[in-house]
Protein chains: 2
Amino acid sequence: MASTIIDVAKRAGVSIATVSGVLNGSRYVSPELRERVLAAVRELDYTVNQVARSLQARSTRMIGMLVPDISDPFHANVVRIVETALKTAGYTLLLGNLRDRPEEQARYLHILRAQQVDGILIYMVPGCEEELRKLVESWKPVVLMGRAPTTFQADLVATDHVTGTRLAIEHLMSRGHRRIGIIPGPEPQPFSRSRIHGWRQALAGSGLPADDHYISYGDYTIEGGALAASHLLDLREPPTAILAGNFHEVVGVLRVLRQRRIKRPDQVEVMSSHDSEVLDAFDPPVSSVDQPVRELGTNATELLLRRIRQPGRPPEQILLQPRLKIRSFPASPLNIGAAAEA
Amino acid sequence: MASTIIDVAKRAGVSIATVSGVLNGSRYVSPELRERVLAAVRELDYTVNQVARSLQARSTRMIGMLVPDISDPFHANVVRIVETALKTAGYTLLLGNLRDRPEEQARYLHILRAQQVDGILIYMVPGCEEELRKLVESWKPVVLMGRAPTTFQADLVATDHVTGTRLAIEHLMSRGHRRIGIIPGPEPQPFSRSRIHGWRQALAGSGLPADDHYISYGDYTIEGGALAASHLLDLREPPTAILAGNFHEVVGVLRVLRQRRIKRPDQVEVMSSHDSEVLDAFDPPVSSVDQPVRELGTNATELLLRRIRQPGRPPEQILLQPRLKIRSFPASPLNIGAAAEA
DNA sequence: CTGTTAGCGCATTCAC
DNA sequence: GTGAATGCGCTAACAG
């Protein structure tokens, strides 16, 4: 059994109030007593019981964070940033992996509530806003990341996916592509709509038709990306370029291209909606929409801490702008084929 | 303020003992009262306060997990597996990212102890075993992953890195390489020694000299991998093959090769100590030592749950065998150069 | 300056 | 079958 504050008090021959005072610096204690307390702490290898402290303080100093998929490097990086920012503020992170499942999201929100976390950062999975709305409306500090809810208002930090996608498609067009496929995300999701919207905008800007056949939904997994790519490639007039929804989907798309012995990037060029340093090392070159991961993480954390301090303030939405990361092609211009098609 | 069990009791016109009984199924309650309680719970949107429950139960149903780097896909995957396995057993995961820093490890172990987690899974960072040893010796359920401690005994699930490395080097030799560089991990670490040992074993088996110049330490980051590779390539007789310590280091090595316009894999072949599905999609082909991630995660979880149930049982060590994942080269045998060197 | 006491929300003895 | 009372370990208000 771990020793308690009472054990320390007994051993030091003082009251528990004195021990507590020393430990928290919340009360003046004479140097002599203070030393005796610290000695007892050391001898007993005492550590404060945060559970008891949390109960009495009505605050756990813990923040819950929910992400769709921790093995997606994009999410992993956001978590890493947030975790560091939170540490500075004296909070501990309780992480939940939603595995892209709405049920998991409901389950975790329930757990976080029961655990009495002081705040929640969530990269929403579409399909189950109800639980979350209840939480927000009951004054629980919640900051949404990436995806906006449709049924209520809340603090939000997101990337402008319309612009990001538009820029990507425009870039592909500037490289001569005219048939451009897109894997926006799962079907019924407003988030996917933004990307489709950006895709349409770009095409319209060049007077190209926006053929819905070139939209193939994915689920952010390698398999999903592969499947979506297969659909696109099976079209009568397959696209010469594909914009994948995240890094996993890029892997899936490239795998299919390899299996079909389609030359990359000559015959089909691939772009990614998430950047990764991996793309700097391997072939083929894959340009990307570079999400401002660091800003996402730090802004979300700051927003949350601010809301914890002032629960009444009006909700704030921060929209961050992504930038293209263009990866140039090998010295020998293999891309003549695509360019000639323009 | 969230409602408490007292609010529910008042509203249902019963005692708190009855409410508790209904909520936990720990006591017979007449159907009529039971229904009244459940109705009150619903109306108040009541959720049990886990903090209070944990205090009284002396158990939080939380497991702490510490990993060196959450953005390393290998660790991210282990976390994902563990998190799923733990959920089945009714535990929640408290995650800590050590960022490869011993100080962070000490800090987190302290936090986990204070938070009264029921158990700890840790992928140790070298350099600070003291804190951990104290925990293990004070009967706290701890399972170590990946890396074995030197100063004490504990439950452990690890991969056989000696064998893994030996197999990798042997594979490279079978492909004709005679000068094989290795990036084992940070310098003073026993973990790195295993890999160096495997490297030596393989070379000795073929009667090749083991020149220490071909050992270049890394720190598991992209930058570290790039730096280590630069050192190797600056040698008078640079290696024709390099085994990197994890996926990040592979990225760093390949980046350097690209910068130096060294042909991959013709002039220098790269292997990885961690597999990744990414390697199936990109060029150049990179064979790897495939760590049994799933087994690592599930075994560690089972070991921990068993220790929680029987704190007194003798420590158990599970050593898992990695397997090679060979990636074949493009149809046109570009690798003649390397093979000819044999 | 320091000790005593109440209560955070809950589960769990006891009595009835 | 159900209710009242105790204590988990801690902090903070109140005495002295």
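Chain naming here is simple, since letters A, B, ... match the order of the sequence lines and numbering starts at 1 in each.
- Rounded to an integer number of Å, the gap from CD1 of A:Ile5 to P of D:dC8 is 14 Å.
- The 12-atom threshold is not exceeded at NZ of A:Lys10, counting heavy atoms of other residues, nucleotides or ligands nearer than 6.0 Å.
- Among the protein residues, B:Ser20 comes within range of the nucleic acid bases, having at least one heavy atom under 4.0 Å from a base atom.
- Atom-to-atom, CG of A:Leu44 to P of D:dG9 comes out at 14 Å; the value is rounded to the nearest Å.
- Nucleotides of DNA chain C nearest to A:Ile16 and B:Ile16 differ in position, and the one nearer the 5' end is that of A:Ile16.
- Checked against ring-ring contact (aromatic ring centres under 6.0 Å, His included), B:Tyr46 has no partners two or more places apart in sequence or in another chain.
- With contacts defined as side-chain heavy-atom distances shorter than 4.5 Å, the pair A:Val125/A:Arg101 does not qualify.
- When rounded to the nearest whole Å, the span between CG of B:Asn49 and P of D:dC8 equals 18 Å.
- A rotation axis mapping the C1' atoms of four pairs onto the next four is fitted at both ends of the helix from C:dC1-D:dG16 to C:dC16-D:dG1 over five pairs, and the angle between these axes is 50° to 10 degrees.
- Just one residue in the list A:Glu129, A:Glu130, A:Glu131 forms a side-chain contact (heavy atoms from CB on, under 4.5 Å) with A:Arg133, and that residue is A:Glu130.
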Would you mind writing out the side-chain donor-acceptor pairs for residues 33-42 of chain A within the sub-3.5 Å range, not counting sequence neighbours?
from	atom 1	to	atom 2	distance (Å)
A:Glu35	OE2	A:Arg42	NH2	3.4
A:Arg36	NE	A:Ala12	O	3.1
A:Arg36	NH2	A:Ala12	O	2.9
A:Arg36	NH2	A:Gly13	O	3.4

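- One interatomic measurement links the two molecules: CD of B:Gln116 to C1' of D:dC10, which rounds to 11 Å at whole-angstrom precision.
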Please list each protein N or O that sits under 3.5 Å from an N or O in nucleotides 13-16 of chain D, with the distance.
from	atom 1	to	atom 2	distance (Å)
D:dA13	N6	A:Arg27	NH2	3.3

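- In summary, contact between chain B and DNA chain C, defined as any nucleotide atom under 4.0 Å from a heavy atom of the protein, begins and ends at C:dG9 to C:dT13 in the 5' to 3' direction.
- In this structure, CD of B:Glu35 is placed 18 Å from C1' of D:dT2, rounded to the nearest angstrom.
- Looking at A:Asp45 and B:Arg113, their side chains come closer than 4.5 Å, going by heavy atoms from C-beta outward.
- Atom CG in B:Leu55 sits about 9 Å away from atom P in D:dC10, given to the nearest Å.
- As a whole-Å value, the separation of A:Leu23 CG from D:dA12 C1' is 15 Å.
- For residues 66-82 of chain B, the pairs satisfying side-chain hydrogen bond (donor to acceptor under 3.5 Å, both in side chains) are A:Ser71-B:Arg80, A:Arg80-B:Ser71, B:Asp69-B:Ser71, B:Asp72-B:Asn246, B:Asn77-B:Arg80, with sequence neighbours left out.
- Atom CZ of B:Arg294 sits in a sparse spot, with 12 or fewer heavy atoms from other residues, nucleotides or ligands closer than 6.0 Å.
- Annotation: side chain of B:Thr92 is not in contact with side chain of B:Ile63 (no heavy-atom distance under 4.5 Å).
- Remark: P of D:dG1 and CG of B:Leu33 are 12 Å apart, rounded to the nearest angstrom.
- Side-chain nitrogen and oxygen atoms of A:Arg53 include at least one within less than 4.0 Å of the OP1 or OP2 phosphate oxygen of D:dT11.
- Taking all atoms of both residues into account, the shortest heavy-atom contact from B:Gln115 to A:Val51 is O-CG2, 3.7 Å.
- Nucleic acid contact for B:Val51: none, since no nucleic acid atom lies under 4.0 Å from a heavy atom of the residue.
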